[in-house]
Amino acid sequence: MFGQPDFVFPAERVAVFVDGCFWHGCPRHCRIPASNVTFWQRKFEANTQRDLLVTRTLRQLGWRVVRIWEHSLTDSSRVVARVRRKLEAA
């Protein structure tokens, strides 16, 4: 599947991505390393643009997309509720 989601519910057409705070540029937790700053800025920007393209493309193909920040996994009940809402809306 396009974008390699972490979890896929094909019958409901729901794709779930768990975005790591570092690699996906979480505004709350991602800190650019002190060395090679230009490289990391470009890397995070490219990752963000790729995430937007994947989400947009899947939605155009009729999929519901859920993106979950890594740090939000500590509150599993909220994560489960978000995914459940998407599944029930299908």
Side-chain angles (χ1 to χ4, degrees):
M1 163 174 264
F2 184 72
Q4 300 179 343
D6 296 292
F7 302 96
V8 177
F9 300 88
E12 296 84 0
R13 296 185 65 83
V14 173
V16 180
F17 294 85
V18 179
D19 293 338
C21 289
F22 179 76
W23 291 108
H24 294 265
C26 171
R28 290 171 59 184
H29 298 107
C30 182
R31 300 293 175 259
I32 296 175
S35 62
N36 209 358
V37 172
T38 302
F39 167 82
W40 287 110
Q41 287 174 329
R42 289 181 184 153
K43 175 67 176 159
F44 294 144
E45 179 61 28
N47 289 353
T48 300
Q49 292 304 312
R50 184 193 63 233
D51 292 344
L52 290 171
L53 173 66
V54 167
T55 298
R56 188 176 324 125
T57 301
L58 288 174
R59 286 184 175 153
Q60 289 172 346
L61 293 171
W63 286 81
R64 289 179 173 81
V65 177
V66 180
R67 288 201 168 267
I68 300 167
W69 283 115
E70 170 190 17
H71 69 259
S72 70
L73 295 176
T74 59
D75 188 353
S76 60
S77 61
R78 289 186 76 186
V79 171
V80 169
R82 281 187 63 204
V83 173
R84 182 174 285 147
R85 280 192 301 274
K86 287 291 184 178
L87 291 170
E88 290 171 352

- Message: My understanding is that only residues two or more places apart in sequence, or in another chain, count here; which of them pass side-chain contact (heavy atoms from CB on, under 4.5 Å) with V8?
- Response: M1, P5, P10, W63

- CD/E45 to CG/N47 distance, rounded to the nearest 0.5 angstrom? 9.5 Å

Which pairs of donor and acceptor atoms, one on a side chain in residues 34-42, lie under 3.5 Å apart (sequence neighbours left out)?
none

- Query: Under 3.5 Å, side chain of R85 to main-chain N/O of V80, donor-acceptor pair present?
  - Reply: no

- Task: Check H71 against C21 and note the closest heavy-atom contact, atom names and distance.
- Result: ND1-SG, 3.3 Å

- S72: partners by side-chain hydrogen bond (donor to acceptor under 3.5 Å, both in side chains), with sequence neighbours left out: none

- Would you indicate whether R78, at its atom CZ, is surrounded by more than 12 heavy atoms from other residues, nucleotides or ligands within a distance under 6.0 Å? no

- Under 4.5 Å between side-chain heavy atoms, chaining through other members, with only Ile, Leu, Val, Met, Phe, Trp and Tyr counted: pull out the rest of the cluster around W69, sorted by chain and number. none

- Message: Any non-hydrogen side-chain atom of F7 less than 4.5 Å from a side-chain atom of V83?
- Response: no

- Message: Measuring only between side-chain heavy atoms, which start at C-beta, is Q49 closer than 4.5 Å to L52?
- Response: yes

- Quick one: list whatever passes side-chain contact (heavy atoms from CB on, under 4.5 Å) with Q4, sequence neighbours left out. none

- Do R84 side-chain atoms and V79 backbone N/O form a donor-acceptor pair below 3.5 Å? no

- Task: Apply side-chain contact (heavy atoms from CB on, under 4.5 Å) to R67 and list each qualifying residue two or more places apart in sequence or on a separate chain.
- Result: F17, D19, D51, V54, T55, V65

- Side-chain heavy atoms of E70 within contact of W23, under 4.5 Å: no

- Query: If you group Ile, Leu, Val, Met, Phe, Trp and Tyr by side-chain heavy-atom gaps below 4.5 Å, do L87 and I68 land in one group?
  - Reply: yes

- Rounded distance [0.5 Å steps], CD1 in I32 versus CZ in F22: 9.0 Å

- Side-chain contact, heavy-atom cut-off 4.5 Å: F44 with C26? no

